K.L.:
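Before we start, here is the structure in question, set down as C-alpha cells.
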Amino acid sequence: VSTLTLLIKCLCRLKKVDLGFSVLGITYKYGLHPSTHMLTALLHGLCMEGSMVAAMELFQEIVEKELPFNEFTYNTIINGFCKEGQIDKALNLFQDMIKCGVTPDIVTYNTLIHGLWKFGNREEAKRLLIDMPDCGIAPDVRTYNVVIDALCKEEKTQEAISLFELMMTEKGIEPNVFTFTSLISALCKERKTTEALDLMEMMTNRGLRPDVVTYSSLIYGLCRSGQWSEVNNLLDKMKEQGVALDIVTFSTLMDALCKVRRMKEALAVFDLMTQRGIRPDIVTYSSLLRGLCHSGYLKETSKVFDKMVSQNIHPNIVTLTGLLDAYSERGMIDMARKIFDEMLQHGEKPSTITYNAMIKGYCLQGKIDKAKEIFEQMEARGVLPD
RNA sequence: UAAUUCGGGAAUAG
C-alpha cells in the first residue's frame, strides 16, 4: 500500500490525478485497503488542481464508507477550500472535524489563519490566533510567517519587522528562510535594497541559506533600483552556492532588462533559460512580448507570439493588455483596437486595466470621442471604472 | 512516513 501511495503522489505531482484514481482501483483489485496516507495523497492531488467538487465527493465517500481519515485528511481539504477562497466551507469542515473527534492541530490553525487573512476576514483570523493557545496549541514559526507576510503585503513592513523581532526575542522562535524571504521581498518592493541585503546577511549569520526564492526577490528589487552590479554579485553568489536559477529568476531578470529597453540582453536571457531546459511560461512570454513591442521590435513580437501559441501557451488578459498598451504607446492605435476587439470576440473579458489602457490610447491620439465610446462600453458591460 | 499549513516574476494609472 505504501508503494502504491508513493505512485499516487508521483502521478499527482505530474498532474495526472485521474491516473491516481486508477491506482486506487488497483489497490482494491489486489484486495488491499487504502490507507489514510493514500487517500490523503489523492485528496491533495484534487485540491492542488482546484477540483474542489471532486475533492469534496472523495472526502464524503471516505466518511460514508468508513474509510480511514485523520487530521491530515481534514487539513488537506480545509487547505483546498482556503486556497479557493471558500472560507465558509473551510470553517464548516473545521467544525465538522471537532464533532468527529479529530483534534485540530497547528497545521489546521495555520491553514485557516492564512485563508481568513488572505480573503479579508482579518477579525476572524485574529480570533483564531487568540483562541489557539486555549486549545493547547502554541503558534509556531509558520504561524508567525503567515502574519508577517500578511503585514508585508499590506505594506506594513515596519509592523512586520516588529513582529519578527518579538517572535525571536520574546517568544524564542527561530525565523526560517520563509520569514526572511517575506521581509526581504517587502523591503525590495519599497526599494529598500540596503536593508534587504542586510537581512540576507543576517540570515546567513544565523546559519540559514538563502534559496532561489530569496535570491529572486532580491534580484527583483535590485533590478528595479537599477543596481545592476549588485545583481551580478548575487548571480555569482548563487553559482558559488550551487543555487540554480529557475523560471521566476530568469523571468524577473528578463523583465527588468525589457523595462530598461536592453532588448538584446533580454533576448539573451530568454535564450539562456530555454537552453537550460526551462520552458518559458505565460508570464515570461507576456513580459517579453510587451517589451519587444514597446521597444519597436515588431517583427520579433509576432514571431515570439506565434512561437508561444505553437507551444500551446495561450495569451491571457495580461498578455493582451500588455501588447495593447505597447502598440498604443507606439501610436499604433488601430493595432491596439484590433487586440481589444479580438479579446471581446474570443470571450476574453477585458478588465478595468484593459479599458483604461484603451482609453489612454485614444486620449493620447486626441480622439476623445473614441475614448468616451470605450468608457461607455465599459459601463454598459458592467466593468467598473477606477 | 517523499501524506496536510508559510515566501519570489508579467498589463493601465500612481
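We name chains A, B, ... by the order of the sequence lines, and we start the count at 1 in each one. Predicted model, so just to flag it, every value in this text is computed and none were measured.
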K.L.:
With sequence neighbours left out, what residues match A:Tyr220 under ring pair (Phe, Tyr, Trp, His ring centres under 6.0 Å)?
P.N.:
none
K.L.:
Figure out the CD1/P separation between A:Ile113 and B:U4, and round it to whole Å.
P.N.:
19 Å
K.L.:
Can you name the residues that form a salt bridge (Lys or Arg N to Asp or Glu O under 4.0 Å) with A:Lys303, not counting sequence neighbours?
P.N.:
A:Glu300
K.L.:
Mind calculating the distance between CD1 (A:Ile137) and C1' (B:U5) to the nearest angstrom?
P.N.:
12 Å
K.L.:
Which residues, if any, of residues 41-71 of chain A bring a heavy atom under 4.0 Å of RNA chain B?
P.N.:
A:His44, A:Asn70
K.L.:
Under 4.0 Å, heavy atom to any atom of RNA chain B: which of residues 9-22 of chain A qualify?
P.N.:
A:Lys9, A:Arg13
K.L.:
Does A:Phe178 lie flat on the base of B:C6, that is, centres under 5.5 Å apart and planes under 30° off?
P.N.:
yes
K.L.:
Could you check, using the six-membered ring where one of them is a Trp, whether A:Phe375 and A:Tyr362 have ring centers closer than 6.0 angstrom?
P.N.:
no
K.L.:
Could you walk me through whether A:Ile62 and A:Leu58 pass the side-chain contact (heavy atoms from CB on, under 4.5 Å) test, one step at a time?
P.N.:
CA-CA 6 Å; A:Ile62 293 171; A:Leu58 175 61; 4.2 Å; yes
K.L.:
Given atom CZ of A:Phe81 and atom C1' of B:U4, what is their separation to the nearest angstrom?
P.N.:
15 Å
K.L.:
Compute the ring centroids of A:Phe164 and A:Phe180, then answer whether they are less than 6.0 Å apart.
P.N.:
yes
K.L.:
Would you indicate whether A:Arg381, at its atom CZ, is surrounded by more than 12 heavy atoms from other residues, nucleotides or ligands within a distance under 6.0 Å?
P.N.:
yes
K.L.:
How many whole angstroms separate atom CE of A:Met38 from atom P of B:A2?
P.N.:
14 Å
K.L.:
Which letters describe nucleotides 8-14 of chain B, given B = protein heavy atom under 4.0 Å from base, S = only from sugar-phosphate, - = neither?
P.N.:
BBBBBS-
K.L.:
For atom CD of A:Glu379, is the number of surrounding heavy atoms from other residues, nucleotides or ligands below 6.0 Å larger than 12?
P.N.:
yes
K.L.:
Once rounded to the nearest 0.5 Å, what's the spacing between atom NE2 of A:His346 and atom CD1 of A:Ile339?
P.N.:
12.0 Å
K.L.:
Take atom CG of A:Asp105 and atom C1' of B:U5, then tell me their distance rounded to the nearest Å.
P.N.:
9 Å
K.L.:
Report the C-alpha distance between A:Met238 and A:Val212 in whole Å, list the side-chain angles of each, state the deciding distance to 0.1 Å, and finish with yes or no for side-chain contact (heavy atoms from CB on, under 4.5 Å).
P.N.:
CA-CA 8 Å; A:Met238 287 178 82; A:Val212 64; 4.2 Å; yes
K.L.:
Could you give the OH-to-P distance, from A:Tyr109 to B:C6, as a whole number of Å?
P.N.:
18 Å
K.L.:
Can you tell whether the side chains of A:Arg337 and A:Glu342 come within less than 4.0 Å, N to carboxylate O?
P.N.:
no
K.L.:
Taking only residues two or more places apart in sequence, or in another chain, which ones meet A:Lys338 in a side chain to side chain donor-acceptor pair (under 3.5 Å)?
P.N.:
none
K.L.:
Give the rounded distance in Å between these two atoms: CZ of A:Phe72 and P of B:A2.
P.N.:
12 Å
K.L.:
Quick one: label A:Lys118 by what it contacts on the DNA or RNA (base, sugar-phosphate, nothing), any heavy atom closer than 4.0 Å.
P.N.:
nothing
